[in-house]
Chemist: 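There's a structure below that I have some questions on.
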Amino acid sequence: MWSVARRGLAMVCLAASMCVGGSAVAADLKIGFKAEVTSADPHVLNGANRNIWAHVYDALVAQDHQLRPKPSLALSWKLVNPTTWEFKLRPNVKFSNGEALSAEDVKYSIDRAMHLSGPRTFRSYLKDVESVSASGPLTVTIKTKRVSPTLPENVGLIAVLPKSLGTTVNEESFANGKSAIGSGPYKFESWAHGQNLVLAKNPDYWGDKEPWDKVTFLFVPREPARAAALLSNSVDIINDITANMEASFRSGYKIEHITSYMLNYLAMDQARDVSPFVRGADGKPLAKNPLKNLKVRQALMTAINRDGIIKFLMKGDATASEQLVPKGFFGYDPNLKLPAFDLAKAKALLAEAGYPEGFQLTVHCPNNRYINDAKLCEAVAQVFSQIGVKTDVSTMPYAVFQTRAFGGGPNGEPEFSVFLVGNGAVTGDSLTGLVSTIHSFDKAKVTGVSNYGRYKNAEVDELIEKAAGTTDEKAREQLQQKAATAALGDGAIIPLLHLNSAWAMKKNITITPRADGFTMAMDIRAK
């Protein structure tokens, strides 16, 4: 790994002009960051964008390290009635241009995020919002179309901008810094596409003062090059390291891990009577789609050796999934466990389903989206084949995969029969995944938007809807646990693992890991 890392070093130096000997200046933090920012507009939805722009822009509600809500620009919030939320804003907050924060700025920002056009926006998180009003200089009232218990978490994803930006603000004005005005701990300084993004400390920030005068995100997508950047002291910390990189950092460096919200699972076509990538044991088309048979789905679920996948393939890169969310998230059920790995039982279930000779299947997967995504699918194919479901694997770049998997079939339906998906509770609450991944698909109601297998169960839908309609936290969590238990028992999806987030850093640097895998300067400190 050392030789590979050295080969990548030259590219890092050339791209960033940051190759210097010794440690970084104490007040400057340099981060080797895997993903490139796709937009300077903080209302364009993308994980890397959210990570970086959260340094510049605040939201009404923040998230702790387990993604639970906590105060930010809103000091408090409460339900006035079942469909009306009131947020009390923090006084004496200023934007980086000197303007004072007011309720009108919050209204402007949420309205803008609700109506911003484009394929990747926050509209789905704001689907319950009926109206936003400034009911006082520092009071925001949000009326919802229905009871919406997770509204604070959802509006907590929306960056708050000054209303003075107006309606003509655009990508160019954000990217050149003219409109990059927030109230966060850092200010936008510069963005060199494909190279780096530089932030400067905001001296007027309302919260705790940051120790870093300057934070530079150096975009280094390739693993060897990121490793080289850290080993050469060009950066202080790198994100998204994998188990095969860790040997390079045994001496003089530290590694931190956390189980993330990101769930890798298999979606199964449960809608079509004839599924395009399923064939009989003899290779001929089947008159009936076996994936619509509960016992078949249970057989496939029971054939998965999650512990083996972690031990022999993923190592420290993932945690075996037990359910839809990892421990510590709202809705996690300590009593819920997936079926244990049992090939004999899986074969018996197939026979009971009417497939004693099994059938043939193609599993489709991306090969450049998640850690070991193609290898993970190959491991799944091996165990499926062992129970009589002869399985081929077809992999492709994610740009091609997502188009076909999520809408490449007839009438814009998902194309594949069984395929690998990554999704999760970005708000730290299992209701997010239940509504988007498990609830039956309904375009008009904006439910099941990530239910690519088109699983449908009226009883599960009812549990999810009851949970989404109650503001009693204890009752809501119990309903979500029941919904998850029923859905997984019904084979809605086949959970495989939760990806881990990991960082490598110099010995004199510490980080408090977050379950969303974000690399935040606010969580990084020098000893």
Side-chain angles (χ1 to χ4, degrees), residues 124 127 146-147 149-150 263-275 278 288-304 321-325 329-333 335-339 346 349-350 352-355 361 405-407 409 411 413-414 416-421 423-425 429-470 475-496:
S124 64
K127 63 182 176 62
R146 59 189 68 86
V147 175
T150 58
L263 174 68
N264 274 175
Y265 63 90
L266 295 177
M268 298 171 286
D269 176 12
Q270 302 182 44
R272 288 172 285 201
D273 291 329
V274 177
S275 197
V278 180
K288 293 183 179 180
N289 175 7
L291 299 172
K292 297 182 75 171
N293 188 309
L294 172 59
K295 288 187 181 294
V296 169
R297 299 195 300 273
Q298 290 175 332
L300 298 178
M301 181 94 77
T302 306
I304 299 295
S321 57
E322 297 174 339
Q323 47 194 274
L324 300 177
V325 292
F329 278 43
F330 187 90
Y332 175 83
D333 185 350
N335 299 313
L336 176 56
K337 297 289 185 292
L338 297 174
L349 284 165
L350 271 183
E352 291 173 21
Y355 299 92
L361 172 69
F406 306 150
N411 302 315
E413 286 293 298
F416 303 138
S417 297
V418 176
F419 49 105
L420 180 69
V421 180
N423 214 328
D429 190 317
S430 69
L431 187 59
T432 303
L434 288 168
V435 170
S436 66
T437 303
I438 302 299
H439 193 288
S440 57
F441 175 74
D442 189 320
K443 187 175 182 179
K445 293 181 179 179
V446 199
T447 58
V449 293
S450 299
N451 182 351
Y452 304 118
R454 299 298 189 251
Y455 166 76
K456 189 171 185 178
N457 183 315
E459 293 181 4
V460 172
D461 284 354
E462 184 179 1
L463 286 168
I464 295 172
E465 289 164 8
K466 283 183 177 178
T470 182
R476 181 164 74 86
E477 185 162 38
Q478 290 174 346
L479 286 165
Q480 290 172 208
Q481 290 169 342
K482 287 180 180 178
T485 299
L488 293 176
D490 201 27
I493 61 172
I494 300 179
L496 300 173

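Just so it is clear, the structure is predicted and the values come from calculations on it, not from any experiment.
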Chemist: Can you list the residues that meet the ring pair (Phe, Tyr, Trp, His ring centres under 6.0 Å) rule with Tyr355, with sequence neighbours excluded?
Modeler: Phe359

Chemist: Between Asn289 and Arg272, is there a donor-acceptor pair closer than 3.5 Å when you use the side chain of the first and the backbone of the second?
Modeler: yes

Chemist: Is Ser417 reaching over with its side chain to a backbone N or O of Met268, donor-acceptor style, under 3.5 angstrom?
Modeler: no

Chemist: Apply the test side-chain contact (heavy atoms from CB on, under 4.5 Å) to residues Val278 and Leu361: give CA-CA distance (whole Å), side-chain angles for both, the deciding distance (0.1 Å), then the verdict.
Modeler: CA-CA 5 Å; Val278 180; Leu361 172 69; 3.8 Å; yes

Chemist: Take atom CD in Glu459; do more than 12 heavy atoms of anything else shown fall under 6.0 Å from it?
Modeler: no

Chemist: Determine whether more than 12 heavy atoms belonging to other residues, nucleotides or ligands lie under 6.0 Å from atom NZ of Lys292.
Modeler: yes

Chemist: Tell me yes or no: between the side chains of Tyr332 and Glu322, is some donor less than 3.5 Å from an acceptor?
Modeler: yes

Chemist: Between Phe419 and Phe406, how do the two ring planes meet: parallel, tilted or perpendicular, split at 30° and 60°?
Modeler: tilted

Chemist: Flag yes if more than 12 heavy atoms outside Lys127 fall under 6.0 Å of its NZ atom; otherwise flag no.
Modeler: yes

Chemist: Ignoring hydrogens and geometry, is there a side-chain-to-backbone donor-acceptor pair from Gln270 to Arg454 under 3.5 Å?
Modeler: no

Chemist: Salt-bridge test for Asp461 and Lys466: reply yes if a basic N is under 4.0 Å from a carboxylate O, no otherwise.
Modeler: no

Chemist: Which pairs would a plain distance check flag for residues 482-490, meaning a side-chain donor or acceptor within less than 3.5 Å of a matching protein atom at least two apart in sequence or in another chain?
Modeler:
unit_1	atom_1	unit_2	atom_2	d
Thr485	OG1	Gln481	O	2.9
Asp490	OD2	Tyr455	OH	2.7
Asp490	OD2	Asn457	ND2	3.0

Chemist: Give a yes-or-no answer on whether the side chains of Ser275 and Asp269 include a donor-acceptor pair shorter than 3.5 Å.
Modeler: yes

Chemist: Is it true that the side chains of Thr150 and Asp429 contain a donor and an acceptor less than 3.5 Å apart?
Modeler: no

Chemist: Mind checking side chain to side chain contact (heavy atoms under 4.5 Å, CB included) for Lys288 and listing every partner two or more places apart, or none if nothing turns up?
Modeler: none

Chemist: Tell me whether the count of non-hydrogen atoms from other residues, nucleotides or ligands lying under 6.0 Å of NZ in Lys337 goes above 12.
Modeler: yes

